[in-house]
Amino acid sequence: MGATFDLFTEPGATPVCSRAGCSSTAAWRVNWRNPRIHAADRVKIWAACDEHRGFLADYLRSRSFPVRVTGIDEDVDDLDDSAARAAGDGR
């Protein structure tokens with residue numbers, strides 16, 4: 001993937017989609033974690049435009065990572081493995 005927009009270190013900047021080669025403004029957060037190396041309260045974020053929201057989320061889900069897609073301004077405190085499975089696709 002391309003460079004990930006860091007929502008925490010660049011306040012006030014316009015988020016750009018994290019999909020490689022995409023320069024569209026992001027409207028979504030793809031919140032995820034790798035449960036093999038991150039605790040449930042460690043949430044990583046990729047920014048996504050409307051076109052790439054599903055692609056980025058599906059890419060992570062195919063690796064069995066918990067994923068929750070939210071609006072660009074919605075914070076996620078943690079991602080529980082069982083909650084992620086029960087929530088379905090999280091879109």
For the student: nearest non-hydrogen atoms of C17 and C49, plus distance: SG-N, 3.5 Å
Using every non-hydrogen atom in the two residues, find where V43 and V76 come nearest and quote the distance to one decimal. CG2-O, 3.9 Å
Locate the shortest heavy-atom distance separating V16 from C22; write the atom from each residue and the value. CG1-O, 3.8 Å
Identify all side-chain donor-acceptor contacts of residues 35-42 below 3.5 Å with residues at least two apart in sequence or on another chain.
from : atom 1 : to  : atom 2 : distance (Å)
H38  : ND1    : N34 : N      : 3.2
H38  : ND1    : N34 : O      : 3.4

Can you list the residues that meet the side-chain hydrogen bond (donor to acceptor under 3.5 Å, both in side chains) rule with D50, with sequence neighbours excluded? W28
State which residues pass side-chain contact (heavy atoms from CB on, under 4.5 Å) with S64; sequence neighbours excluded, sorted by chain then number. none
Residues two or more places apart in sequence or in another chain: which of them pass ring pair (Phe, Tyr, Trp, His ring centres under 6.0 Å) with W32? W46, F65
Correct closest heavy-atom pair for R29 and G71 would be CG-O, 3.8 Å
For A57 and V30, which heavy atoms make the closest approach, and how far apart are they? CA-CG1, 4.0 Å
Please report the interatomic distance CD1(I45) to OG1(T70), rounded to the nearest 0.5 Å. 7.5 Å
Can you name the closest pair of heavy atoms from A48 and R53 and give their distance? CB-CA, 3.8 Å
Only counting residues at least two apart or in another chain, list the ones meeting side-chain hydrogen bond (donor to acceptor under 3.5 Å, both in side chains) with E74. R68
